[in-house]
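Remarks on the structure that follows.
These figures come from a predicted structure and were not determined experimentally. Proteins get letters first, then strands, A, B, ... in listed order; numbering begins at 1 in each.
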Amino acid sequence: MRPPMKPRLRFAPSPTGYLHIGGARTALFNWLYARKHGGTFVLRIEDTDQERSTKESLQAILDGLTWLGIDWDEGPGKEGAHGPYFQMQKLAHYAKVAQQLIDTGWAYRDYSTEEELAAARKAFAAEKGLKEGDDLRSAGFKFSSPWREKKDTSDKPALIRFKMPRREGRFGFDDQVLGRIEKPYDDFDDFVIMRSDGVPLYNFGCVIDDHDMAITHVARGQEHINSTFAQLMLYEALGWTPPLFAHIPLIFAQDNSKLSKRKHPEADVMRHKANGILPHALINFIARLGWSHGNEEIFTRDDLIQKFDFEHVGKSQGVWNPEKLTATNKHWLKNTEPLQLAMALLPYLQAAGVPDAACDAKLELGVRAFNERSATLVEMAEKLKPYYAKGVTIDGAAAAKHLGPEGKALLAKAKTELEALKEWTAAIIDPVVMVVATAANVKAGAVAQPIRVAATGGTASPGIGVTLELLGREETLHRIDAALR
RNA sequence: GGCCCUGUCGUCUAGUGGCCUAGGACGGAGCCCUCUCACGGCUUAAACCCGGGUUCGAAUCCCGGCAGGGUCACCA
């Protein structure tokens with residue numbers, strides 16, 4: 001038995017905008033499959049739409065993937081044996097293949113002009129009695145090029161069309177998630193594979209590249225199902241073996257419309273970074289949106305690699321659920337090594353206005369205190385910020401409730417006890433509350449709250465011991481003095 | 001409109017003919033823990049789109065409706 005071929009998968013974005021959540025998930029699924037089977041993950045840039053492609057978009061996509069930890073074995077910055085990985089660098093090659101298709105009768109040069117096409121549309125509309133703005137497609141408009149049967153090899157600018165064979169019956173493929181999908185042949189018209197300026201169109205470039213790059217599995221959004229049929233014909237015409245296809249369901253926004261860049265800010269992967277979501281939390285969340293493994297919800301990176309398969313990718317569209325993303329983020333905030341979390345938090349802390357924060361013992365303590373009290377890194381930074389400040393503004397309502405005469409008397413007693421401590425750690429500080437409370441015959445809360453308000457300015461904080469340790473002895477006593485005055 | 005895909009709690013989903021008086025997670029409600037806030041624990045409400053078959057038996061198979069979505073560019 002010969003060893004199974006190592007799979008090669010790819011993610012092929014067009015650099016026409018930031019990394020979209022849907023794209024990120026497509027990339028993730030391909031990446032997971034490649035990693036699981038010890039295969040190769042290729043990043044290919046489909047930059048043939050010169051109108052919209054930009055360098056900034058390319059960088060944004062690269063940044064997005066990098067932030068998520070989705071690394072590629074071949075692609076930009078990682079030249080491999082199957083390059084180039086930018087389509088615009090392969091124009092001559094595409095032209096050669098197109099010519100081959102013309103030579104074998106599978107394609108033809110079409111000299112129709114934009115004007116002729118427009119005229120055809122207009123004539124159709126008139127015949128059907130359609131008004132301006134009506135959808136010609138739903139009315140059944142099809143353009144049949146007069147050049148399909150003509151022989152002309154002049155040098156005039158021409159686009160190249162694939163010559164769809166006139167056949168009876170149906171054709172299709174076995175989708176890895178949807179199962180068998182078929183369509184009638186006559187549902188297809190000739191389609192453009194090369195623009196008149198020599199730049200290939202999506203279906204054409206995609207097929208050639210997937211072949212050149214020896215891609216074995218193509219996982220992409222369900223919106224591509226129809227192009228898969230066109231591509232299948234191209235494979236037949238070229239005599240190539242197509243890869244296996246897996247069409248994954250689309251992601252919708254909460255308003256039940258397709259998650260779009262314009263309407264939905266959450267569609268931008270990097271937006272989540274700005275919002276303080278951990279990259280792995282986002283990975284965990286989008287993996288579960290459309291894929292499942294029994295009742296499991298939480299997966300480490302290795303879990304995902306080990307457990308992912310196309311068989312358990314769902315068939316129906318999923319709706320973006322911000323609450324669940326937050327919940328997933330909270331989970332990973334609580335379950336990430338404090339030191340690692342501290343490093344991730346540092347930039348957020350600096351952005352929050354704590355320039356002197358460093359990845360030290362204090363930050364680690366702070367992270368341990370607030371990782372289960374924050375939903376995002378942004379929130380955690382905001383909560384930690386007062387612990388790096390000198391002095392604090394006390395909330396009026398909190399003072400009124402806890403720093404009355406009684407509260408102040410208890411606070412003063414606590415202060416005496418605190419000053420006497422030889423060490424300043426949570427374990428040593430904590431008992432002070434009970435000592436004072438017992439002596440005064442009051443509940444622990446009657447002592448803890450005045451201390452908390454004095455130290456933090458508010459009524460909510462981690463345990464008194466941790467809170468004061470984090471603040472430091474000197475700052476704590478200063479704040480208590482200030483509150484007592 | 002043609003063609004194609006899909007249809008389990010509000011949302012993500014488990015479920016591949018009997019284990020389903022349908023399970024988990026998020027969100028909701030309530031309780032417990034407690035120095036506050038959290039965390040954690042427990043309890044609870046909430047779904048098989050509809051109608052026909054097939055079968056001893058259907059969320060699961062078949063057919064028909066209905067609903068949602070995709071696609072029909074010299075975009076990808």
Once you apply a heavy-atom cut-off of 4.0 Å, does A:K443 come out as touching a base, just sugar-phosphate, or nothing? nothing
Next on the checklist: Does the plane of the ring in A:F299 sit parallel, tilted or perpendicular to the ring in A:W291? Use 30° and 60° as the thresholds.
Outcome noted: tilted
note: A:E311, atom CD; B:U16, atom C1'; distance rounded to Å ~ 9 Å
Quiz item: Looking only at N and O atoms, is any donor in the side chain of A:D187 or the base of B:C4 less than 3.5 Å from an acceptor on the other one?
Solution: no
B:C37 -> Watson-Crick or G-U wobble partner, both distances under 3.5 Å, gives none
query: Is the distance between the ring centroids of A:F171 and A:F173 under 6.0 Å?
result: no
Closest to the 5' end of RNA chain B, once A:V433 and A:A327 are matched to their nearest nucleotides, is A:A327
*Interatomic distance at C1', B:C20 relative to B:A38, whole Å*: 37 Å
Paired to B:G10 by Watson-Crick or G-U wobble criteria (both distances under 3.5 Å) is B:C26
The answer to which of A:R121 and A:S461 contacts RNA chain B further toward the 5' end, by nearest nucleotide, is A:S461
To the nearest angstrom, the CZ-P distance between A:F229 and B:C4 comes to 8 Å
*asked:* Under 4.0 Å, counting only non-hydrogen atoms across every strand here, what does A:L178 touch: a base, just sugar-phosphate, or nothing?
replied: sugar-phosphate
Is it true that the NZ or CZ of A:K383 lies under 6.0 Å from the centre of A:F370's six-membered ring and within 45 degrees of the ring axis? no
